A.B. asks: 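Structure incoming, see below.
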Amino acid sequence: MRKIYLVAFLCSGFLFAAAQEPTRRDSLQGGLPFERTCFDVLRYDLNIKVDPTKREILGFNDITFKVVQSTKKIQLDLFDNMIIDGITSKESGTLEFKRDENAVFIHFKKTLEKDKTYTLRFSYHGNPIVARNAPWDGGFVFKKDRKGLDFIGVAVQGTGASLWYPCKDSQSDEPNLGASIKVAVPNGLMNVSNGRFLGSKDLGDGYTRWDWEVKNPINNYDITLNIADYVHIHDAHKGLDLDYYVLRDNEEKARKHFEADVKPMLDCFQLKFGQYPFWEDGYKLVETPYLGMEHQSAVAYGNQYKKGYRGMDLSGTGVGMQFDYITIHETGHEWFGNSITSKDIADMWIHEGFTTYTETVFIECTQGYDAAMKYVNGQSRNIRNDKPIIGKFGVNREGSGDMYYKGSLLLNTLRHVVDNDDRWWAILLKYAETYKKQIIDTPTVIAYFNQETGYNLTPIFNQYLNYTTIPHLEIELDNNSFQYRWKTDEPNFNMPIDIQIGTKKIRLQPSNAWQKSTESITSIKDINVFTNRFYIKYN
């Protein structure tokens, strides 16, 4: 990976899959056959023991689900290197199952009736995949802290949550009623997971179990564990509980570092996107042995208490050194990705484009419009325009890593198409509130913005999301005036663009056909195109 593109793959399994054609395994993980759509997951109750020495997991997941269509067979998922110890239900006792790659097809003795709720216990054990370089490839991270104590985390977005626990491994379904995560670890260590801490219990065998409860729906890949010798720092902000779990040696620096960004960030994001979506579960930052991940209500933090991205400004402007990138970006995902979730990872720009834009929003809240425009346009240096942002559907494939920066610049462009900041912020706030805790897709996003702006933005979305090129504005001298047009892959493309001639600001309405201006100029250099407001190619 080239250094400037590191963040473009943050929180994804992109590198793992990009060079491979979809396989049967990918279709089983990414597809939605009847065996998946016939039931709706209501709740996970995960209860496991983690042995750091053996790097082993042992336990079960109680999966509660509602039947949508009567069936005798359903599909769950668990990576095929993990061993299934048995699957049982109250109604049928021991259940038969058949493995196909990472998919587990479970056969019931009696038909599961529509609209009824059932619970099965999926027991398992094994050694989960160890990540080579988390979070860019999925798996567990087993490290030691400075005192030689275990420091363990997991990051699986893109690769799949079924890497370490059995579940319906699809973004199309979340446990509507939340989850409990109970993790036993060696005495002297702590486990921190999503949601609220319910208490710990010494099991009498050298292990202590730490119990956590999630009240909200949660993405499979967001469910997490974090094992270390943690110190707990508690704070609150305007009624929201703030909890930080950091390595013991880092307590003092963590207190100072998080104080600088967290409260201003929450004020900004709640102003622009609405109340923190997971209020009942609280807000946590948890120190991890890898860079970061948007684990819902337990945001993974591994930026080493530095400003920027590991002490670097990925925008190249200097503006990015005014805040901790991981704190801001990963918390932005609480609204975009964790609350509003894409049905298929082919639409992951719905997570990453909007979340990358939250960085610019935070800068504008704290440093003003000019700094925000400098930052967002600086991000363009990280765009490769290598392939479409939208990926392949049904095969667990994301699109280009440009979903981050190009997605953000698309939103900045739309803001200036609207050309009314009060209206823009109202539209963005309503978007976050309208689809709060929902699973959506790109057509839903486009329809919303078309409706709320009153414009047909579909050609704009299509050009940025489905093609590798960006709109090309061509302006040519025409006697004492000029003519102009858009050159695009998307047919019938229309997008306004702002220019300035002398002191006069003019809004052009170019299409794919040449149009002639009535403005007088002597040279193309007389025209200043506002390329800092619209992500385009000009002449």
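Note that the coordinates shown come from a computational prediction; the quantities given were computed from them, not determined experimentally.
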A.B. asks: Check whether any side-chain N or O of T358 sits under 3.5 Å from a backbone N or O of T355 as a donor-acceptor pair, and report yes or no.
C.D. replies: yes
A.B. asks: Tell me which pairs pass salt bridge (Lys or Arg N to Asp or Glu O under 4.0 Å) where either residue lies in residues 102-115, with sequence neighbours left out.
C.D. replies: E113-K116
A.B. asks: If you look at every heavy atom in V192 and M190, which pair is closest and at what distance?
C.D. replies: CG2-SD, 3.9 Å
A.B. asks: Taking atom CZ of R99 as the centre, does the number of heavy atoms from other residues, nucleotides or ligands within less than 6.0 Å exceed 12?
C.D. replies: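 Atom CZ in R99 is packed in, count exceeds 12.
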A.B. asks: When the ring centroid of Y245 is compared with that of H232, is the distance short of 6.0 Å?
C.D. replies: yes
A.B. asks: How far apart are the C-alpha atoms of E213 and R196, what are their side-chain angles, what is the distance that settles it, and do they pass the salt bridge (Lys or Arg N to Asp or Glu O under 4.0 Å) test?
C.D. replies: CA-CA 5 Å; E213 174 74 19; R196 297 285 186 176; over 6 Å; no
A.B. asks: For a quick test of reading the model, state the closest non-hydrogen atom pair linking P166 to N61 and the distance between them.
C.D. replies: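 Scanning both residues, the minimum pair turns out to be O-ND2, 2.8 Å.
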A.B. asks: Out of D77, D169, D80, which residue meets the salt bridge (Lys or Arg N to Asp or Glu O under 4.0 Å) rule with R25?
C.D. replies: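 Between R25 and the candidates, salt bridge (Lys or Arg N to Asp or Glu O under 4.0 Å) is satisfied uniquely by D80.
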A.B. asks: If every non-hydrogen atom of S400 is compared with every non-hydrogen atom of K387, which pair is closest and at what distance?
C.D. replies: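 Closest approach of S400 to K387: CB-O, 3.1 Å.
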A.B. asks: Do the non-hydrogen side-chain atoms of V395 and S27 ever get within less than 4.5 Å of each other?
C.D. replies: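 Touching, per the 4.5 Å side-chain cut-off.
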A.B. asks: Could you tell me how the ring of F323 sits relative to the ring of F362: parallel (under 30°), tilted (30 to 60°) or perpendicular (over 60°)?
C.D. replies: perpendicular
A.B. asks: Describe, in one word, how the ring planes of F151 and Y230 are oriented to each other, choosing from parallel (under 30°), tilted (30 to 60°) and perpendicular (over 60°).
C.D. replies: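 Aromatic pair F151/Y230 classed perpendicular.
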A.B. asks: Would N220 and Y44 count as a side-chain contact (heavy atoms from CB on, under 4.5 Å) if you check the C-alpha gap in whole Å, the side-chain angles of each, and the deciding distance to 0.1 Å?
C.D. replies: CA-CA 10 Å; N220 290 324; Y44 292 133; 3.2 Å; yes
A.B. asks: Please determine if R397 and D26 form a salt bridge, counting it only when a charged side-chain N lies under 4.0 Å from a carboxylate O.
C.D. replies: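 A salt bridge is present here (some side-chain N lies under 4.0 Å from a carboxylate O).
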A.B. asks: Just verifying a value: how many Å separate H333 NE2 and M293 CE, rounded to the nearest 0.5 Å?
C.D. replies: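 It comes to 8.5 Å.
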A.B. asks: Of all the heavy-atom pairs spanning S162 and C167, show the shortest one and how long it is.
C.D. replies: N-SG, 4.0 Å
A.B. asks: Give, for atom OG1 of T360 and atom CD1 of I328, the distance between the pair rounded to the nearest 0.5 Å.
C.D. replies: 12.0 Å
A.B. asks: Do Y276 and W335 have side chains that get closer than 4.5 Å, going by heavy atoms?
C.D. replies: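 Yes, close enough: below the 4.5 Å cut-off.
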A.B. asks: Side chains of Q171 and D344: donor-acceptor distance under 3.5 Å anywhere?
C.D. replies: no
A.B. asks: Going by heavy atoms in the side chains, are T159 and D137 under 4.5 Å from each other?
C.D. replies: no
A.B. asks: So do L291 and W136 actually touch side chain to side chain, heavy atoms under 4.5 Å?
C.D. replies: yes
A.B. asks: So which heavy atom on S193 is nearest to which on I181, and how close?
C.D. replies: OG-CG2, 3.4 Å
A.B. asks: Crowded around E433 CD? As in, over 12 foreign heavy atoms under 6.0 Å?
C.D. replies: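 For E433, atom CD is crowded (more than 12 foreign heavy atoms under 6.0 Å).
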A.B. asks: Not counting sequence neighbours, list each pair that qualifies as a ring-ring contact (aromatic ring centres under 6.0 Å, His included) and has a residue in residues 165-211.
C.D. replies: F197-W210, F197-W212
A.B. asks: If you measure from CG on N303 to NE2 on H329, what distance do you get to the nearest 0.5 Å?
C.D. replies: 12.0 Å
A.B. asks: Going through the distances and angles, do T468 and N385 end up as a side-chain hydrogen bond (donor to acceptor under 3.5 Å, both in side chains)?
C.D. replies: CA-CA 5 Å; T468 59; N385 287 314; over 6 Å; no
A.B. asks: Name all pairs fulfilling the salt bridge (Lys or Arg N to Asp or Glu O under 4.0 Å) condition that reach into residues 52-70, sequence neighbours left out, sorted by first residue then second.
C.D. replies: D62-R121
A.B. asks: For N194 versus A298, what's the shortest heavy-atom pair and its separation?
C.D. replies: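 Looking at all heavy atoms of both residues, the closest pair is CA-CB, 4.0 Å.
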A.B. asks: Just checking K49: does its NZ atom have more than 12 heavy atoms from other residues, nucleotides or ligands closer to it than 6.0 angstrom?
C.D. replies: yes
A.B. asks: Kindly state each residue pair satisfying salt bridge (Lys or Arg N to Asp or Glu O under 4.0 Å) with at least one member in residues 144-153, sequence neighbours excluded.
C.D. replies: K144-D150, R146-D249, K147-D249
A.B. asks: Please check if the number of heavy atoms outside K436 that lie under 6.0 Å from its NZ is greater than 12.
C.D. replies: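 Atom NZ in K436 is crowded, with more than 12 foreign heavy atoms closer than 6.0 Å.
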A.B. asks: For this output row, return yes or no: ring centroids of F258 and Y305 closer than 6.0 angstrom.
C.D. replies: yes
A.B. asks: To the closest 0.5 Å, what do you measure between CD1 (I87) and CZ (F108)?
C.D. replies: 8.5 Å
A.B. asks: Between E287 and N250, is a side-chain hydrogen bond (donor to acceptor under 3.5 Å, both in side chains) present by the stated rule, with each step listed?
C.D. replies: CA-CA 9 Å; E287 188 169 357; N250 293 332; 2.8 Å; yes
A.B. asks: Kindly indicate whether the side chain of W164, heavy atoms from C-beta on, has any atom under 4.5 Å from the side chain of I48.
C.D. replies: yes
A.B. asks: Would you call D347 and F393 a side-chain contact if the rule is heavy atoms closer than 4.5 Å?
C.D. replies: yes
A.B. asks: Ion pair present between D100 and K98, side-chain N to carboxylate O less than 4.0 angstrom?
C.D. replies: no
A.B. asks: Ring centroids only, cut at 6.0 angstrom: are F354 and W349 within range, meaning strictly under it?
C.D. replies: yes
A.B. asks: As an exercise, state the distance from CE of M348 to OH of Y404, rounded to the nearest 0.5 Å.
C.D. replies: 6.5 Å
A.B. asks: Could you tell me whether the side chain of I152 reaches within less than 4.5 Å of the side chain of P52, counting heavy atoms only?
C.D. replies: yes
A.B. asks: State which residues pass side-chain hydrogen bond (donor to acceptor under 3.5 Å, both in side chains) with Q304; sequence neighbours excluded, sorted by chain then number.
C.D. replies: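 K306.
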A.B. asks: Checking E174 now: which residues fulfil side-chain hydrogen bond (donor to acceptor under 3.5 Å, both in side chains) with it, not counting sequence neighbours?
C.D. replies: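 Checked E174 against side-chain hydrogen bond (donor to acceptor under 3.5 Å, both in side chains); matches are T341.
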A.B. asks: Indicate whether the side chain of D45 and that of S180 have a donor and an acceptor atom separated by less than 3.5 Å.
C.D. replies: yes
A.B. asks: Looking only at side-chain N and O atoms, does D243 offer a donor or acceptor that is under 3.5 Å from a partner on H234?
C.D. replies: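 Present: a donor and an acceptor within the cut-off.
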A.B. asks: Mind running side-chain hydrogen bond (donor to acceptor under 3.5 Å, both in side chains) on Q463 and T469 for me, showing each step along the way?
C.D. replies: CA-CA 8 Å; Q463 182 64 43; T469 57; 3.2 Å; yes
A.B. asks: Answer yes when R248 and D229 have at least one side-chain N-carboxylate O distance shorter than 4.0 Å, and no when they do not.
C.D. replies: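 Answer for the salt bridge query: yes.
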A.B. asks: Do K143 and Y290 have side-chain heavy atoms sitting under 4.5 Å apart?
C.D. replies: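 Sidechains of Y290 and K143: no contact.
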A.B. asks: Could you walk me through whether D324 and Y301 satisfy the side-chain hydrogen bond (donor to acceptor under 3.5 Å, both in side chains) test, starting with their C-alpha distance in whole Å, then the side-chain angles of each, then the deciding distance to 0.1 Å, before giving a yes or no?
C.D. replies: CA-CA 10 Å; D324 186 317; Y301 176 84; 2.5 Å; yes
A.B. asks: Let me know which of L225, I129, V156, N127 forms a side chain to side chain contact (heavy atoms under 4.5 Å, CB included) with F140.
C.D. replies: L225
A.B. asks: Can you tell me how far the OG atom of S297 sits from the NZ atom of K284, to the nearest 0.5 Å?
C.D. replies: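 Between atom OG of S297 and atom NZ of K284 there are 4.0 Å.
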